[in-house]
Amino acid sequence: MRKSRAAPSLGCFLAKSEPGVYSIDDLARDGKTAWEGVRNYLARNTLRSAKKGDLVLFYHSNAEPSGVVGVAKVAREAYPDPCQFIAGHAYEDPASKPDEPRWSTIDLAFVEKFPSTVSLAALKEDAALQGLEVARKGSRLSVHPVSQAHFEHIVALGRKKKR
DNA sequence: GCCAACGTTGGC
DNA sequence: GCCAACGTTGGC
């Protein structure tokens with residue numbers, strides 16, 4: 001396969017969601033969603049670095065099996081997460097001030113759902129994916145960057161038909 | 001349901 | 001600024 005020189009390189013990320021809360025099927029149905037509720041500074045900074053059009057591996061956590069189930073893209077760059085100011089909301093942060101919002105969200109748009117899940121076990125045992133954050137023992141970052149090589153490798157695995 | 005990992009909070 | 005306690009995430 002030849003490598004394309006024309007396309008500008010896009011940022012690549014991985015975002016986790018519990019399918020019982022919001023799954024790839026929910027995203028496919030909605031087309032677009034706000035990625036709210038990130039309350040970790042490292043993950044927030046990752047969100048703020050995301051550019052429109054960047055690609056995101058959609059990962060199901062606490063699933064059977066857990067793993068990458070599809071691809072989304074950044075539809076809107078970081079803006080203040082409205083949930084942090086809603087009294088009583090699960091994602092409310094009383095310490096965050098409207099004139100200096102602490103937490104950000106981005107909008108994600110559906111791109112594709114893989115025919116088969118690339119399970120966490122498969123990610124961990126793949127020699128081509130060494131250093132992948134989500135496969136690290138104890139990794140709890142809900143959003144993190146992924147190298148383009150890792151991204152393409154995982155997409156190729158996911159597009160394989162089930163046998 | 002258990003527990004390891006690890007971020008956050010608060011006492012000092 | 002240290003560090004113990006606590007809460008949360010997420011695999012298993």
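All of these numbers come straight from a predicted model, not from anything done at the bench. In the text below, chain A, chain B and the rest are named by the order of the sequence lines, each starting its count at 1.
- Base pairing in DNA chain C yields stems of at least 3 consecutive Watson-Crick or G-U pairs, both distances under 3.5 Å, namely B:1-12 with C:1-12.
- A:Leu141 belongs to a hydrophobic cluster whose other members, connected by ILVMFWY side-chain contacts under 4.5 Å either directly or through intermediates, are A:Leu42.
- Remark: A:Lys97 pairs with A:Asp99 by the side-chain contact (heavy atoms from CB on, under 4.5 Å) rule, at least two apart or across chains.
- Using modelled atom types, one finds no donor on one side chain facing an acceptor on the other under 3.5 Å when comparing A:Ser104 with A:Arg44.
- Here ring pair (Phe, Tyr, Trp, His ring centres under 6.0 Å) pairs that include residues 109-155 of chain A, with residues two or more places apart or in two chains, number zero.
- Listed by chain and number, the residues in a ring pair (Phe, Tyr, Trp, His ring centres under 6.0 Å) with A:Tyr79 amount to none (sequence neighbours excluded).
- Proximity of residues 11-22 of chain A to DNA chain B (heavy atom under 4.0 angstrom from any strand atom) is not detected for any residue.
- Partners of A:Asp93 by salt bridge (Lys or Arg N to Asp or Glu O under 4.0 Å), not counting sequence neighbours, listed by chain and number: A:Arg102.
- With A:Lys73 as reference, A:Leu55 is the one residue of A:Asp54, A:Leu10, A:Leu55 to meet the side-chain contact (heavy atoms from CB on, under 4.5 Å) rule.
- Taking a heavy-atom distance under 4.0 Å as the criterion, the stretch of DNA chain C touched by chain A extends 5' to 3' from C:dG7 to C:dC12.
- For A:His60, the ring pair (Phe, Tyr, Trp, His ring centres under 6.0 Å) partners two or more places apart in sequence, or in a different chain, are A:Phe58.
- For the segment residues 120-144 of chain A, residues with any heavy atom less than 4.0 angstrom from an atom of DNA chain C are, sorted by number, A:Leu120, A:Lys124, A:Ser139, A:Arg140.
- A heavy atom closer than 4.0 Å to some atom of DNA chain B occurs in A:Asn40, A:Tyr41, these being the qualifying members of residues 39-46 of chain A.
- Shown here are the side-chain hydrogen bond (donor to acceptor under 3.5 Å, both in side chains) partners of A:Ser119, two or more places apart in sequence or in another chain: there are none.
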